[in-house]
Every structure is written in C-alpha cells, then in structure tokens.
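One structure is given here, and the rest of the page talks about it.
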Amino acid sequence: MSLIVQKFGGSSVANAELLRNVGEIVTGTYEQGNDVVVVVSAQGDTTDDLIAKAKEVNPNASKREMDMLLSAGEQISASLLAMTIEKMGYPVISLLGWQAGFSTSSTYGSARIKSVNPDRIRNELDKRNIVVVTGFQGTNKFDDMTTLGRGGSDTSAVAIAAAMHADLCQIYTDVEGVFTADPRKVPSAKKLDVISYDEMLELATLGAQVLNNRSVEMAKKYGIELEVLSSLTKKRGTIVKEETQMEKMLISGVAKDNDVARISVIGVPDKPGLAFKVFSKLAAKKINVDIILQSIGRNNTKDISFTVSEGMLEDTIAILDPYVEVIGAEKVVYDKDVSKVSIVGAGMETHPGVAAEMFEALFEAGINIHMISTSEIKVSVLISQEEADNAVTAIHNKFFHE
C-alpha cells in the first residue's frame, strides 16, 4: 500500500462539476489500495473575493484579521470536496490546518511552516478514511489562524508528504505539467517529462506559475518526488526530482516575471562602502534585491541600478529617498514598466555560448536589454514590459525550433 498526497488548486475545485471530477480522481487512487491525503486551495477566485470584501469594510485591516478571513476559503473547499466524496459512497473526513497538525511562525499573511504533527491524519488513514486537508493555513504559538501566502497550498501538500514519508506528492493544476514556456502564450511550448529540483526552483522563482518555489525547496530538502499534472486530462504529468544521469537538455524553459521594478540611485560618490550602505538599509527592512548593475565611475560618481518586486517598490523608495542626501547621491529614479525574462537549464553548465544565443534571439527581435544577471543554470534579462511576450517567443523559438 502506498501513501499518496494529492493537491488540487482553486481552478480544479471551482464548482460542483469540477469537485465531482476531483472526487473521481481521489476515489480512483483510493480504489487502487492507496492511502490518500488530499490538500485543497480555495475555490476559483474566492481568495480575491474575500480580499475585496475586507477592503469594503476596512482597507487597512490587520493582517491577523485578514488571516482569519482568508483561511475560510480553504475550509469551504475542503468541506465541499468531502461532501462530494461522501455522496460517492466513500469514507472521508475534512480537517483544518490546525487539526492536521500544522504549526507555523507568527508572520500573518506569509507564515512559515515550523512543524507538522501528522498523528490525526494517521489515525484517520488507519480507519481507511480519505483525508481532505485545507491548504495554505496553520496556527501559531498564540493559537491564531495563519496563512502561508500565495501558493501556500503547494507547500502544505509537500509538508504533509515530508512529515508522513509519502511515496508520491501529486500537484494537480489546470496545465498538463511543466512546459518549456507558458503554453497559453507560446503554442509551440513542449511539456517536459522530467525536471530537476534546481531547474524547477529557478523557473518557479523566475515567474513560472506552475509550482510555488517554497514547495520546491521543501521537496528538494526532504527528497519528495513531485508530479505536476492536470486535473482535467488523464495524461501523465511532469516529474520533479533530484537530477538524473540522463542527457541534459540545453535549457529546460523560458520564464517571464512582470512583478518587477527597476530602481536606480544616480550619482553615487565613487567611494568604498556606499553600495554596502544602500543595500544594508534595504536588507534591514527585509527587501529582497535581485539583479544589480553598477556603472563605471564618471566624474567621481557612479549609478547603482537594481530590481525589486513591484510590491516592494513604494517601501524601497521611502527608504532610499531621504537617504540619498546622506550619502551624497543625486536622486533615485524608478521604472515599473519592465519585465524579467529568463532561461533555465542544468545543461548550461557544460555548454558555453548559451547566453550569447539568448542575446542573439533578442537582437533579431529588435528587443533592447536593460540589465543582465547570470548563474550556473540561469540567465535573466530585464527588458521593457511591452516586449516581454515577444521576447519569450523569440527565445523559445531559438532554443526549441523544430
């Protein structure tokens, strides 16, 4: 008998018909003699609708109360799916995050899982129940509800799989697996049969919205094999696991991220330690900086440019604007109309010239590059947002031409 954890996203459980479809997948797995734990997200746009309701009554509601509200979305999904499976004639029980043993940190809105005590889940499985668990939530040391942030249900599923030493963790979504690019934007995108944790982590971090990056980190840490597949088709998905010795593809995918803003500190005096002072100010406020570019000094000054997520732009400007005078720089400027486009692939390590091919594709498409960042298995460029879709297509065609 195997233990299989199955996670279903919001689009997979959005209505009664889709819940029935999920019920058939779950009970089919159960009929094969497996223990089954199911993790669900909130239905469809429920989370966004709840956020809108909160803004109607209090645009500045505390994060604690927001977590109380948002955790209700998963509770609705879990109970409705349990009712669906119950009607199909199978033994089933739904559990909230705290009932399933999730203890988290106290950072409301983006809590981290500290531990999972799976005793209750184990007891229910021993009774041959199908167990449906709310994703995205847990409780902190104050016994308050907490949520794990966007994509948190993926992380919940992997955490259960790790705590219970599951044989497989399946992440069901509205796409058939991990593709070389977003198949909705690039029709020629190909589905990957296998991808390594490191490649998947880079793609998830760089804007590919198939898997949450925290869930991939956890799967790698505990050696949990993931399968990403569609809840709407019966096709095999993409396996995410440790690197194999098979022939590596040159690149595994092209990703786009619009949640990015470029900030430039202009006219910084060309003295040691000033870059450190700028970035230590941001680090102290937990602002994550990505691509960094420092110009060659001119007239004893230099410009420092970097990117942050668009959501952190206002906080970053608020920190830097008053600090500019302190370090003797001229001004801070920013641009929100940019995108980060990246290629990822373990094969880059042994194949020189990959970055040059990417740049050639952008040149041939007439697309200007603002900034560049590289690592062993990725190359990222910052470009104008209006050119991002064209850039992804051009790069994909260069590497995945028939």
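Everything numeric here is computed off the predicted structure, so don't read it as measured data.
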Of all heavy-atom pairs between [X] and [Y], which one has the smallest distance, and what is that distance?
X: Ala394; Y: Ala365; answer: CB-CB, 4.0 Å
X: Leu274; Y: Pro269; answer: CD1-O, 3.3 Å
X: Gly237; Y: Glu227; answer: N-OE2, 3.1 Å
X: Ser41; Y: Ser77; answer: O-OG, 2.7 Å
X: Tyr30; Y: Pro91; answer: OH-CG, 3.5 Å
X: Trp98; Y: Met145; answer: CD1-SD, 4.3 Å

Kindly check if the number of other-residue, nucleotide or ligand heavy atoms within 6.0 Å of [atom1] ([X]) is above 12?
X: Lys281; atom1: NZ; value: no
X: Glu314; atom1: CD; value: no
X: Arg112; atom1: CZ; value: no
X: Phe279; atom1: CZ; value: yes
X: Lys63; atom1: NZ; value: no
X: Tyr222; atom1: OH; value: no

Report task. Check the pair Asp193 / Arg236 against salt bridge (charged side-chain N to carboxylate O under 4.0 Å, His left out), numbers first and verdict last. Result -> CA-CA 8 Å; Asp193 293 328; Arg236 292 187 58 148; over 6 Å; no
Requested in this report: Evaluate side-chain hydrogen bond (donor to acceptor under 3.5 Å, both in side chains) for Thr147 paired with Asp67, printing each intermediate quantity in order.
Outcome: CA-CA 6 Å; Thr147 67; Asp67 276 8; 2.8 Å; yes
Let me confirm one number: the [atom1]-[atom2] distance from [X] to [Y], rounded to the nearest 0.5 Å.
X: Ile377; Y: Ile343; atom1: CD1; atom2: CD1; answer: 11.5 Å
X: Ile263; Y: Asp335; atom1: CD1; atom2: CG; answer: 10.5 Å
X: Lys241; Y: Met200; atom1: NZ; atom2: CE; answer: 16.0 Å
X: His351; Y: Leu250; atom1: NE2; atom2: CG; answer: 5.5 Å
X: Ile4; Y: Asp167; atom1: CD1; atom2: CG; answer: 7.0 Å
X: Glu360; Y: Lys398; atom1: CD; atom2: NZ; answer: 3.5 Å

If we ignore hydrogens and angles and just use 3.5 Å, is the side chain of [X] paired with the main-chain N or O of [Y] as donor and acceptor?
X: Ser215; Y: Val158; answer: no
X: Asp259; Y: Glu310; answer: yes
X: Ser231; Y: Tyr172; answer: no
X: Asn140; Y: Asp144; answer: yes
X: Ser62; Y: Glu65; answer: yes
X: Asn34; Y: Val36; answer: no
X: Thr134; Y: Glu74; answer: no
X: Gln43; Y: Val13; answer: yes
X: Asn212; Y: Arg150; answer: yes
X: Ser230; Y: Leu232; answer: yes

Contact check, side chains of [X] and [Y], non-hydrogen atoms, under 4.5 Å:
X: Val133; Y: Ser156; result: no
X: Asn397; Y: Ser188; result: yes
X: Glu357; Y: Val379; result: no
X: Leu206; Y: Asp257; result: no
X: Met164; Y: Leu125; result: yes
X: Ile85; Y: Leu81; result: yes
X: Asp174; Y: Arg184; result: yes
X: Arg20; Y: Glu24; result: yes

If we ignore angles and hydrogens, is there a donor and acceptor under 3.5 Å between the side chains of [X] and [Y]?
X: Glu199; Y: Ser196; answer: yes
X: Asn258; Y: Ser339; answer: yes
X: Thr29; Y: Gln6; answer: yes

**Report entry** Full working for side chain to side chain contact (heavy atoms under 4.5 Å, CB included) between Lys220 and Val240
**Finding:** CA-CA 9 Å; Lys220 178 179 178 174; Val240 186; over 6 Å; no
Query - Criterion side chain to side chain contact (heavy atoms under 4.5 Å, CB included) on Ile369 and Leu362, from CA distance to verdict - result: CA-CA 8 Å; Ile369 300 171; Leu362 294 172; 3.7 Å; yes
Below 4.0 angstrom, N of the basic side chain to O of the carboxylate: do [X] and [Y] qualify?
X: Lys221; Y: Glu217; value: no
X: Arg214; Y: Asp154; value: no
X: Arg128; Y: Asp35; value: yes
X: Lys340; Y: Asp290; value: yes

Report task. Let me know which of Leu70, Thr104, Leu96 forms a side chain to side chain contact (heavy atoms under 4.5 Å, CB included) with Gln137. Result ->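 Only one option passes, and that is Leu96.
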Query raised in the report: Of the options Val344, Leu192, Leu203, Ile251, which is the one that meets Thr180 in a side chain to side chain contact (heavy atoms under 4.5 Å, CB included)?
Result: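 Running side chain to side chain contact (heavy atoms under 4.5 Å, CB included) over Val344, Leu192, Leu203, Ile251 with Thr180 returns exactly one hit, Leu192.
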Query - side chain to side chain contact (heavy atoms under 4.5 Å, CB included) between Glu202 and Ser375, intermediate numbers included - result: CA-CA 10 Å; Glu202 288 285 9; Ser375 76; 4.0 Å; yes
Report task. Is it possible for you to check whether Lys190 lies under 6.0 Å from the centre of the six-membered ring of Phe400, through NZ or CZ, and within 45° of that ring's axis? Result -> no
Query raised in the report: Would Leu282 and Leu320 count as a side chain to side chain contact (heavy atoms under 4.5 Å, CB included) if you check the C-alpha gap in whole Å, the side-chain angles of each, and the deciding distance to 0.1 Å?
Result: CA-CA 8 Å; Leu282 301 178; Leu320 292 182; 4.3 Å; yes
